[in-house]
Peer 1: 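Pasting a structure here, questions to come.
Since this is a predicted model, take the numbers as computed values, not measurements. To find a chain, count down the sequence lines: A is the first, B the second, and so on, and within it residues start at 1.
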Amino acid sequence: MEYFIDVVVPLSIATTFTYSVNQAEFIFLQPGMRVAVPFGKKKVYTAIVLSKHNQKPSVYTPKDILTIIDEQPIVTTKQLDFWQWIAQYYMCALGDVYKAALPSAFLLESETILSFNSTLVVDLSSLTDDEFLLYQAFEQQPILRFDEVQKILNKKQVFNVIDELLKKEIIFLNQHIHEKYKPKLVKYVTLHDTYKEENELINLLDHELKTEKQRALVLKYFQLSTQKSTIELKELLEKAGVSKAIYTNLEKKQIFETYSLAEDRVQFSDAFLNDIQFTELQNKTIQSIQNQFQQHDVVLLNAVTGSGKTEIYIELIKNALQNNSQVLFLVPEIGLTTQLVQRLTAYFGNKVAVFNSKYSENERVEVYHHVLNATEKAQIVIGSRSSIFLPFKNLGLIIVDEEHETTYKQVDPAPRFHTRDAAIVLAKMFHAKVLLGSATPSLESYYNAYQQKFGYTELLQRFKNVQLPQIVLVDLKEARRKKEVNGIFSMKLIEAITEAFYNGEQVLLFQNRRGFSPVLECLSCGHVPYCTMCDVGLTYYKRQNYLKCHYCGYTMAMPSKCHSCHSHDLTTKGLGTEQVEEALKNIFPNKNIARMDQDTTRGKFAFERLIDGFKNREIDAMVGTQMLAKGLDFDNVSLVGILNADNMLNFPDFRAYERAYQLMVQMAGRAGRKNKQGKVIIQTYNPYHNTIQQVTQNDYKGMFKEQMYERLNFKYPPFYRLIRLQLKHPDYEKVKEASQWLASNMKQSVQGILVLGPQEPSINRIRNQYIQVILIKLPINKSANALKKAIQKSINSLETIAKFKSVKTTISVDFY
DNA sequence: CTAGAGCGCTTG
DNA sequence: AAGCGCTCTAGA
C-alpha cells in the first residue's frame, strides 16, 4: 500500500499538490496540519494537508514530504471548508486564501528570513545539540536565510529545529523590524494594600485623614471603585474637585498608589460585568434584535451615530458568552478601534483579544492559538478583514460594525473577498448569528432586510435624546454672486468656525481630495502635466513644491514653465486638503490646525498622534479626507464643514450617490455629541441635487428608493451580481486585443450573462501597464457557480493563446 | 558564432 | 516565487 497526501502551497496556483508519505506519517497526519515540502528544484514550502488517500498519480511520481511540522492541526476542517468557499466564490486559488488566512509566522518559506532575538537570556542547557549549533550561528550573524540554516546544520530537515527556536522566542520570523507605536501612558490610582481591609479603612477615614479635601478624595475614590475596576487619576481629581497636590500628599503617605497603563493595552484583573443602564429605546432595540434572531441568521441594525450602539453590542456579546460561544467583532479599520477596545475591555476584561496587523507577528500567532484552543483569553476577538480567517471552534455571534464601509472589500491581492458577505457564510457554518450595524446601511444590506432575507431593527434617536445636527446648505454660486465668500470658504462657514473657536469647541473640515490642488494647467495652451507612467494628471503639492501621482507615487519638481509651450503662466485648479489647511491657517493664524489624509498619516504612528492630539484638544481644527468620517468619536466637535459636496457626486461610479450620502451623513454624525446640537455646513454648487436634499432631510429611505430604481433600471447590484475583469499589459494594443477576444468569447460561450466592454477605465495606464476592463453582470436568480465556471473557462482559454499569455487578468467578484 | 540578457514555463 | 531552459540580440 502506498500513502499520499494532497496539500495546498502558499502560492497563487489553481491546483493542489500530491506528496507521498510513509505509513506512520499517514496515520499521524490529519487535514489542517502543516508539512514542509520540497517544491521545484530548490524551494521548500509550508504546505497544509487537505486530504489523505491511496491513489497513486498516474502521470508523475510524487515527491516525499520533508517533515511534519505540527502535532495538532492548526487549521480546522471548518476553516478548510471556508477557504474552499472563498476560493470558489471569489474565483481565486486556494493558495491565495491560505496566504491571506495564516499569520506569516506560520509560513516557513525557504526565503524566509530568520532573525535573532539578542535581548533574550537563554538557558543553554535546555537546547538540543542542533538548537545550540544554530544558536551559536545566530550569535555570529543575527540574520540567516533558511538555506543557510540548512548548510549550518548540514541537513535538509531543519523545520523542527527552527520551530523549536521560534517557540522559545530565540529567533523571529520575517521581523521587518516592527517598531511599535508607543501608546500614551495613562495614570491609574489604587489604594495601598493595607487599606484594602475594612478595619484599616475605617481607621483611615476616622483618624488618618487630616483635611476635608483629603476625605473628599478618598470618598470619591470609593464611590468610583464601586463602578469600575480601574480608576484614572485625572478622572478622580476632576470628580473630587481637588488639586493634584492633595493626591501627591496622600501618595507620599502611602495611602494611594499610582500605576501607569498604555491606553489601548489596559489589562483588567477581573472583568466588570456591571449592568449597563439602558434607555427604554435601547432595551426595545435589544429585544427586537433577539426576536429577529429567532427567525433570521442576519439582522441589520440601522442606528444613527450617537444612539448608543456599542451598549447594544455589549449586551448581545454578553448573551453569546453565556452560551460559551466565541464572538467576532469586525471593524473596517483597526486603527480606529482604540476607543472600542477600551470599552469592550472595561466590560469583558481579558476575554477581549485584538487581532491587529499593527501588532507583531508573534502577537498575531498568540491570538491565533488562543482562538484555536478556544481559551478564555480570546473569547471576543476584535479585528479587521483578516480576522474572519481565525480558527474558531464555537463561533456564536459575528458583529459587523459600520457594515457599509467599502474597506471591507479587499482590493488587492487575491482573495478579493467582501468581509461582510464572507462573515455571513462563515457564521452559517457555525449556525452563528450575524449583526450588521450602521448609521447608513449599504443598499445591498438594506435591500436584503427589505426583502426579509435579513431581520431589521432601527434606532433612529440619539442617546438621551441629543438632537441630530442641524444641517445648513450653502449655495456657492449664490454666495459668490453676493460676494459672501472668502476664497474657498463661504462667510457662513467662517462665521460658524469663529463661533466654535470662541466657545472652545473643535471643528472638522472635510474635503475629499489630497494635495494642494488636483490640476496644474498652463494658461496659454491649456497643457496639463501627466504622470509619465500612469494616465493621470499630477496633483500639485505646495509645501513640497512638487507634482505627485496618486496612483504610483511618482513625483517631479514643480515646473517653472509649461512643458508644452514654455509659457510661465501656470495656474492651479481645484481644491485639495493642503490648500484648505493653508487657507484656514491664514484666516485663523493663532489656532492649531492639522490635516489628516493619506499624506500626513503615512508615518508609522502619525495617525494615532493626530487622533490623540485632537482628543486632547491640542488641535482646534482638523482638515481631512474621508478618513475623518470613519467612526471617530470626539466629544467636543460642534461644527463639521463639507467644503465641496459636488466632487463626491460627480464620481463616475454607480455607487457614487450612495457613497456621497453615506459620507456626508457620517461626517454630520461627528458633530455635537454631548449636551449640544451640532452644526453641519455643506457648501455646494448644486443645493437642489437629490442626494444633498436627502442628506439635509435625513431621508435614507428616499435615497434608497431613488437609487434602487436606478440600480434596477441599469442592471446593477443588488439586482445583478458584478464581476470585474481587469486585464493589464505594458503593450496597449495587446491588452486591447486580448480583452476584445475575451469579451467576445464570453458573449458566445457563456449563456445568460451580460458582458460590458472591454472599456478603457478613466485611468487607463498605471505604472506603465495599460488597463482594459470587462464588466460582467450575472442575474441574481441564476446559479452563479455554473456561470463563474464558464467565465473561468473563457479566461483559461485566453491564457492558452500564445500571444496573450503575458496579459495579466485579475478577477474581482462583487466588485466595489 | 558566442555570450549574455530576458522571458515564460513549471512546480507533485 | 524562482530556477531553468529556451529564444533573441548584440558584438566580434
Peer 1: Hey, does A:P57 reach any base, or is it just sugar-phosphate, or nothing, if we go heavy atoms under 4.0 Å?
Peer 2: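 The residue A:P57 makes no contact with any strand.
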
Peer 1: Within the 4.0 Å heavy-atom criterion, would you say A:T16 contacts the bases, only the backbone, or no part of the nucleic acid?
Peer 2: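 The residue A:T16 makes base contact.
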
Peer 1: On a heavy-atom basis, which atom in A:D731 and which in A:E733 lie closest, and how many Å separate them?
Peer 2: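 For A:D731 and A:E733, the tightest heavy-atom pair comes out as OD1-N, 3.0 Å.
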
Peer 1: Listing time: all N or O pairs from protein to nucleotides 5-11 of chain B that are below 3.5 Å?
Peer 2:
unit_1, atom_1, unit_2, atom_2, d
B:dT11, O3', A:G40, N, 3.4

Peer 1: Any idea which heavy atoms bring A:I771 and A:Q726 closest together, and the distance?
Peer 2: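 Shortest heavy-atom separation between A:I771 and A:Q726 comes out as CG2-CG, 3.5 Å.
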
Peer 1: Which heavy atom of A:H53 sits nearest a heavy atom of A:D6, and at what distance?
Peer 2: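 Closest heavy-atom pair between A:H53 and A:D6: NE2-OD1, 2.9 Å.
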
Peer 1: Donor-acceptor pairs under 3.5 Å, side chain of residues 81-95 of chain A to any protein atom, not counting sequence neighbours: which ones?
Peer 2:
unit_1, atom_1, unit_2, atom_2, d
A:Y89, OH, A:D814, OD2, 2.7
A:Y90, OH, A:H418, N, 3.2

Peer 1: For A:Y45 and C:dA1, what is the distance between atoms OH and P respectively, to the nearest whole Å?
Peer 2: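 So the OH-P distance, A:Y45 to C:dA1, works out to 7 Å.
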
Peer 1: Return the minimal non-hydrogen interatomic distance between A:L727 and A:I774, and the atom names on each side.
Peer 2: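 In this case the closest contact between A:L727 and A:I774 is CD1-CD1, 4.1 Å.
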
